[in-house]
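Scope of the values below: all heavy atoms of this structure, side chains included, with no hydrogens, waters or symmetry mates.
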Amino acid sequence: MSISHAPPHPPSPDISDISGEAAASGNGSAPPAEEAAGTGPALEALVPASSRRARVPRWLRRTSGPLLLLALWQLLSATGVLTSDVLASPGTIAQVGGDLVQDGSLPSAMGVSLQRVAVGLLFGTVIGTALALVSGLFRIGEDLVDAGVQMLRTVPFVGLIPLFIIWFGIGEAPKIAIIALGVSFPLYLNVYAGIRGVDAQLIEAGESLGLSRWGLVRHVVLPGALPGAMTGLRYSLGIAWLALVFAEQVNADAGIGFLMVQARDFLRTDVIVVCLIVYAFLGLLADFVVRTLERLLLQWRPTFTGR
């Protein structure tokens with residue numbers, strides 16, 4: 001019996017290496033210097049097609065719609081399709097608006113209307129938020145408050161104007177009461193939904209960390225309900241301007257609505273449109289303030305902002 005001491009068989013060559021060398025020798029060209037050095041071919045970054053397109057500024061996209069509508073309006077007025085009795089032209093409205101600003105009637109009316117909205121919004125915010133906290137944090141509060149609020153919510157607040165006039169007279173009180181009533185319901189619904197929408201696991205985590213009931217409300221429930229509260233505030237601002245329009249039609253002697261009533265009596269469509277534009281810009285400004293406040297208060301919450 002003999003033991004062979006022959007060396008092991010050498011490893012078989014890699015087929016890819018052989019084919020690569022054969023191809024290189026067949027073409028008669030040497031591999032590139034970077035491949036020979038072992039660094040590999042240079043990589044080129046891929047740029048998405050969406051980023052290669054020319055981007056239009058966002059402010060231009062947002063203003064293009066109103067500008068096109070304004071141009072169409074001016075075109076219809078210039079061609080006689082829209083007569084001045086039906087709707088005044090944008091040029092006429094701009095001239096009338098400048099006249100109202102110069103004689104001081106429009107700034108004073110804006111000041112009175114802003115004061116009414118601010119006071120009514122304050123009262124409505126306090127009432128709606130307080131009721132939502134009572135109903136959202138306590139089951140007995142929900143049993144006592146929620147049913148009544150839901151019943152009142154289904155009643156159009158405009159239909160309560162005659163009762164408010166009987167109860168509060170024809171001064172500023174019924175106007176502020178109408179605005180406060182219209183503001184309170186959206187805030188109540190959204191704050192209540194935000195409180196009840198807090199994740200139960202967060203409550204359990206807070207309890208396991210030893211937070212008291214007030215600590216849970218302060219550090220878990222209220223921050224979780226804040227997005228819903230901001231949404232409710234935006235809705236409430238829109239309804240506040242809507243309620244102001246109705247409120248200033250009732251025995252008003254100042255304000256933007258008073259200017260509209262006078263313009264209606266004299267068939268001044270240009271003044272009416274100026275007042276409507278002022279309403280729209282004031283509402284847009286209020287919404288911008290709330291959205292800015294929302295971005296500041298909700299920096300901890302990452303959200304999708306569109307593409």
Side-chain angles (χ1 to χ4, degrees), residues 66 69-70 73 86-88 90 92-94 96-97 99-101 104-125 127-128 152-190 231-291:
L69 182 61
L70 189 63
W73 183 5
V86 177
L87 187 62
T92 304
I93 291 173
V96 171
D99 295 339
L100 292 176
V101 171
S105 58
L106 186 59
S108 62
M110 289 175 58
V112 174
S113 297
L114 283 173
Q115 182 179 0
R116 290 169 179 162
V117 169
V119 177
L121 183 66
L122 177 62
F123 281 107
T125 301
I127 295 172
L152 289 175
R153 185 177 66 86
T154 58
V155 178
F157 62 89
V158 181
L160 298 177
I161 292 178
L163 280 179
F164 286 168
I165 293 177
I166 295 174
W167 292 343
F168 304 112
I170 58 175
E172 292 295 315
K175 302 176 180 59
I176 294 175
I178 293 171
I179 298 172
L181 183 66
V183 164
S184 59
F185 294 126
L187 266 174
Y188 171 83
L189 292 176
N190 284 273
T231 303
L233 184 58
R234 292 183 65 182
Y235 276 113
S236 298
L237 278 172
I239 295 180
W241 293 108
L242 177 63
L244 178 67
V245 174
F246 290 104
E248 289 185 337
Q249 304 293 323
V250 180
N251 296 321
D253 56 357
I256 302 176
F258 175 68
L259 291 180
M260 292 183 66
V261 172
Q262 284 187 325
R264 180 198 62 191
D265 295 337
F266 292 99
L267 303 179
R268 295 289 303 275
T269 60
D270 47 3
V271 178
I272 294 176
V273 175
V274 168
C275 295
L276 292 177
I277 292 174
V278 171
Y279 275 131
F281 273 101
L282 289 177
L284 187 63
L285 178 61
D287 185 75
F288 173 76
V289 172
V290 176
R291 293 180 68 177

#### Entry: CG-OG1 distance between Leu187 and Thr125, expressed to the nearest 0.5 angstrom
5.0 Å
### Query
Roughly how far apart are Met260 CE and Gln262 CD, rounded to 0.5 Å?
12.0 Å
### Distance (rounded to the nearest 0.5 Å) between Leu244 CG and Ile179 CD1
4.5 Å
### Task
Check whether more than 12 heavy atoms from other residues, nucleotides or ligands sit under 6.0 Å from atom CZ of Phe168, and answer yes or no.
yes
#### Entry: Main-chain N/O of Ile127 paired with Ser184 side-chain donor or acceptor, under 3.5 Å
no
### Query
In terms of heavy-atom contacts, does CD of Gln115 have more than 12 from other residues, nucleotides or ligands at under 6.0 Å?
no
### Query
For Leu237 and Asp287, what are the C-alpha separation, side-chain angles and deciding distance, and is it a side chain to side chain contact (heavy atoms under 4.5 Å, CB included)?
CA-CA 7 Å; Leu237 278 172; Asp287 185 75; 5.7 Å; no
### Message
Within this structure, what is the CZ-CZ distance for the pair Phe157 and Phe185, rounded to the nearest 0.5 Å?
### Response
10.0 Å
### Query
How many angstroms lie between CD in Glu248 and CG in Asp253, if you round to the nearest 0.5 Å?
10.5 Å
### Message
So, taking the atom named SG in Cys275 and the one named CD1 in Ile93, what distance separates them when rounded to the nearest 0.5 Å?
### Response
11.0 Å
### Task
Using a strict 4.0 Å threshold on nitrogen-to-oxygen distance, state whether Glu172 and Arg116 make a salt bridge.
yes
### Query
Residues two or more places apart in sequence or in another chain: which of them pass side-chain contact (heavy atoms from CB on, under 4.5 Å) with Trp167?
Leu163, Phe164
